[in-house]
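A quick write-up on the structure given underneath.
Everything numeric in this text was worked out from a predicted model, so none of it was measured. The chains referred to below are lettered A, B, ... by the order of the sequence lines, with proteins before strands, and numbering in each begins at 1.
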Amino acid sequence: MVVLREGMCPGLDEDLLRDLRAADIKTVEDLVSSDIEGLAQKCSVSYKALFAIRRVLLAQHTAFPVSGADLYEELLSSTAILSTGNPSLDKLLDSGLYTGEITELSGGPGSGKSQVCFGVAVHISYQLKQSVIYIDTTGGLAASRLLQMLQAETSNTEEQMEALQRIHVFRLFDVYALLGCLYSLRSGGLQQASVGGGSVKAVIVDSVSAVISPLLGGKQNEGMSLMIQVAGVLKTMAKDFNVAALVTNHVTRSGSGEVQPGLGVSWSHIPRTRILLERVEKAAAVSRPSLRSAKLIKSSRQPCHIKEEFDLQWWSRSEKGSSGKRKLDETDS
Amino acid sequence: MQTYGQEGALNTDTELSHVLHDSKHQAAFYVEENKPQDLLRSFISETGLSEEEAVEVLKAVKGGGGGGSGDFSASLTALELLQKEEELRSIVTFSSQLDESLGGGIPVGKITEVCGVPGIGKTQLCLQLAVDVQVPQCFGGVEGQVMFIDTEGSFLLQRVTDIAAAAVRHCSLLAEDDEQRAATETFTVETVLSNIFLVRCHDHVELLAELHLLPDFLSQHPKIRLLVIDSVAFPFRLLFDELSQRTRLLNGVGQQLITMAINYNISVVITNQMTTRIRDGQSHIVPALGECWGHAPTIRLLLQWEGSRRLATIFKSPCHMETMVQYQITPEGFRDADQSEMPQSKQPRMDTDQSAADPKETSS
Ligand SMILES: Nc1ncnc2c1ncn2[C@@H]1O[C@H](COP(=O)(O)OP(=O)(O)OP(=O)(O)O)[C@@H](O)[C@H]1O
Ligand SMILES: [Mg+2]
């Protein structure tokens with residue numbers, strides 16, 4: 001849903017906008033699907049002018065047909081796969097996070113969503129030497145933990161500091177601030193972040209649900225449209241700048257105890273890949289409270305419902321041997 | 001000497017801040033991000049401000065500490081964040097074991113939730129912190145004031161006085177140099193009590209209203225370093241019928257609290273009750289207010305009985321492994337369980353006369 005605005009295209013001026021609103025035409029969709037002839041009379045504007053406006057809007061907002069071959073070509077030339085740094089998660093994600101896409105982590109409190117986000121940020125900034133945007137909407141980002149994770153990678157403090165400087169943090173706690181941030185990142189901010197070394201490869205939003213859910217389900221449906229706006233700008237940003245978007249979401253529990261990602265059906269179409277994180281509750285895990293399971297619940301590449309276990313302490317493992325390439329089982333025992 | 005975030009600055013002009021706080025205007029602002037002049041025009045026509053004022057407001061929003069824009073003045077690198085974290089002192093709990101597992105105490109700039117059954121010591125810990133946050137800087141303290149929101153009527157003045165007296169005595173025995181001796185002159189039970197701002201809220205509406213007004217109060221009282229809400233659960237218990245409404249309200253509360261914690265450099269400490277939940281045919285005792293609320297606190301501490309021992313577990317934290325320590329509640333307040341392992345190295349034995357005291361008379 002795109003609201004009609006003055007100056008969106010030539011001829012769409014304040015007066016016309018007012019007349020259109022009076023005729024209950026508020027969005028691009030409304031205008032495009034309206035009866036132009038009748039509308040021209042109602043708004044006392046020439047049919048030709050209105051037709052031209054519609055054509056421009058259509059050009060701006062329509063999806064164009066593309067051939068599968070072109071798509072594939074584009075995919076090969078531009079998509080990068082960013083390893084998360086954790087072998088179990090990479091396995092689930094078919095090698096890692098894909099640029100141009102939105103990947104979602106959902107899970108209850110303490111399920112490890114933020115830990116995974118930290119791990120991804122550290123891996124991209126340290127191993128790949130690229131920049132990361134980290135948007136923290138819950139105050140859960142602990143730089144001390146990032147440092148700890150880096151210390152597991154290298155004992156060189158210089159390198160640790162450099163890696164920390166490639167992680168750009170925004171701390172904002174309401175959806176308007178989030179939208180503002182995403183919009184200005186999309187309109188140039190991302191390139192700005194790349195100046196200081198390495199280009200931005202990932203945008204992490206931990207969490208989207210924290211700022212959206214306070215507005216959902218009320219009498220006004222403001223929350224829903226804001227959620228769609230967030231989704232839209234994230235999607236286009238991921239595509240246009242070829243970055244991986246990683247978002248976190250909370251979960252809801254049905255009466256029968258079944259766990260599902262939050263934010264409802266409309267949101268469920270937004271992430272290309274969804275992972276559900278949970279504590280491992282079995283007896284063997286009592287001595288290892290940091291054990292977590294990750295389940296693939298939506299994917300276009302892998303069969304769903306495959307499951308992997310990993311340990312949050314994996315990121316605290318001591319650094320030696322081929323760092324970053326060690327297997328989960330090595331920390332077992 | 002300190003910046004209190006954009007909100008603080010704006011609150012000096014209530015009219016402007018009022019305009020800004022209206023979320024609708026913010027929405028309009030962001031939707032039109034590409035066309036500053038259009039934005040300005042519509043902003044002016046919507047708010048009735050003069051152009052000059054409007055420019056001021058927008059500038060303030062743009063450069064805001066709230067981080068409203070993707071402009072990189074609003075961001076900080078993880079390295080800068082690390083430095084910030086290291087600058088902020090934590091509030092000691094007077095249990096050295098708990099402090100150690102928390103990396104120095106209850107952190108400033110974060111929300112810490114204390115969960116536990118009645119009588120386990122939640123309120124005791126809150127009262128202890130209300131005193132501890134005032135420990136002078138030369139003793140390694142935060143030297144701040146405290147805002148205490150009491151929703152259960154459990155703030156007992158006599159108990160605070162006892163805890164304060166013990167803390168004051170503790171510091172005066174520790175005082176070594178002139179600076180510390182001078183500090184003990186002003187760190188007295190009277191000053192401790194006068195630095196506690198107490199608010200009683202009787203239901204969730206009063207609590208929500210209070211939280212709404214709090215940012216203004218915090219900007220007028222920049223020395224406040226601790227906000228206690230004891231408890232969040234109690235005022236919301238009556239909303240049990242409308243679970244979705246409660247969840248939504250609580251989600252909003254969580255965001256309000258973290259905003260204050262970060263913009264005003266305060267530690268937010270809240271308490272929560274426990275409730276039974278049936279899952280897989282088994283009943284579990286879990287924190288109240290629903291699973292969703294659990295995302296809001298940065299750190300969750302669980303206080304629980306194990307036989308006659310009291311245990312504190314950090315069961316959620318972005319930077320701490322799950323850790324469990326033992327503690328006790330003495331007449332002086334919240335302490336390590338084992339007296340031989342008391343906090344600071346130069347341990348004044350202020351509690352020798354209490355060794356026979358019954359430690360379990362106090363309640364949460
Ligand atoms: N240094 C560490 N070493 C090992 N495990 C840790 C460490 N720090 C945190 N953890 C684990 O991570 C858990 C918290 O995970 P995380 O912060 O990712 O939760 P989350 O899914 O983001 O929750 P929320 O939705 O509430 O933000 C802690 O409870 C702890 O078990
Ligand atoms: Mg988190």
If you count heavy-atom pairs under 4.5 Å between each of [options] and chain A, which one has the most?
| options | value |
| --- | --- |
| B:Glu291, B:Gln256, B:Gln83 | B:Glu291 |
| B:Val253, B:Leu81, B:Leu257, B:Ile111 | B:Leu81 |
| B:Glu85, B:Arg277, B:Lys316 | B:Glu85 |

So which part of [X] gets closer than 4.5 Å to some heavy atom of chain B, the side chain, the backbone, both or neither?
| X | result |
| --- | --- |
| A:Ser114 | neither |
| A:Leu312 | neither |
| A:Tyr134 | neither |

Are any side-chain N or O atoms of [X] and backbone N or O atoms of [Y], one a donor and one an acceptor, separated by less than 3.5 Å?
| X | Y | result |
| --- | --- | --- |
| A:Arg292 | A:Pro289 | yes |
| B:Arg89 | B:Pro107 | no |
| A:Lys113 | A:Gly108 | yes |

Please name the pair of heavy atoms, one in B:Gly116 and one in B:Met274, separated by the smallest distance, quoted to 0.1 Å.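 B:Gly116 and B:Met274 have their closest heavy atoms at C-CG, 3.4 Å.
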Check each of A:Val208, A:Leu185, A:Val211, A:Asp206 against A:Ile135 using the side-chain contact (heavy atoms from CB on, under 4.5 Å) test, and report the only one that passes.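 Running side-chain contact (heavy atoms from CB on, under 4.5 Å) over A:Val208, A:Leu185, A:Val211, A:Asp206 with A:Ile135 returns exactly one hit, A:Leu185.
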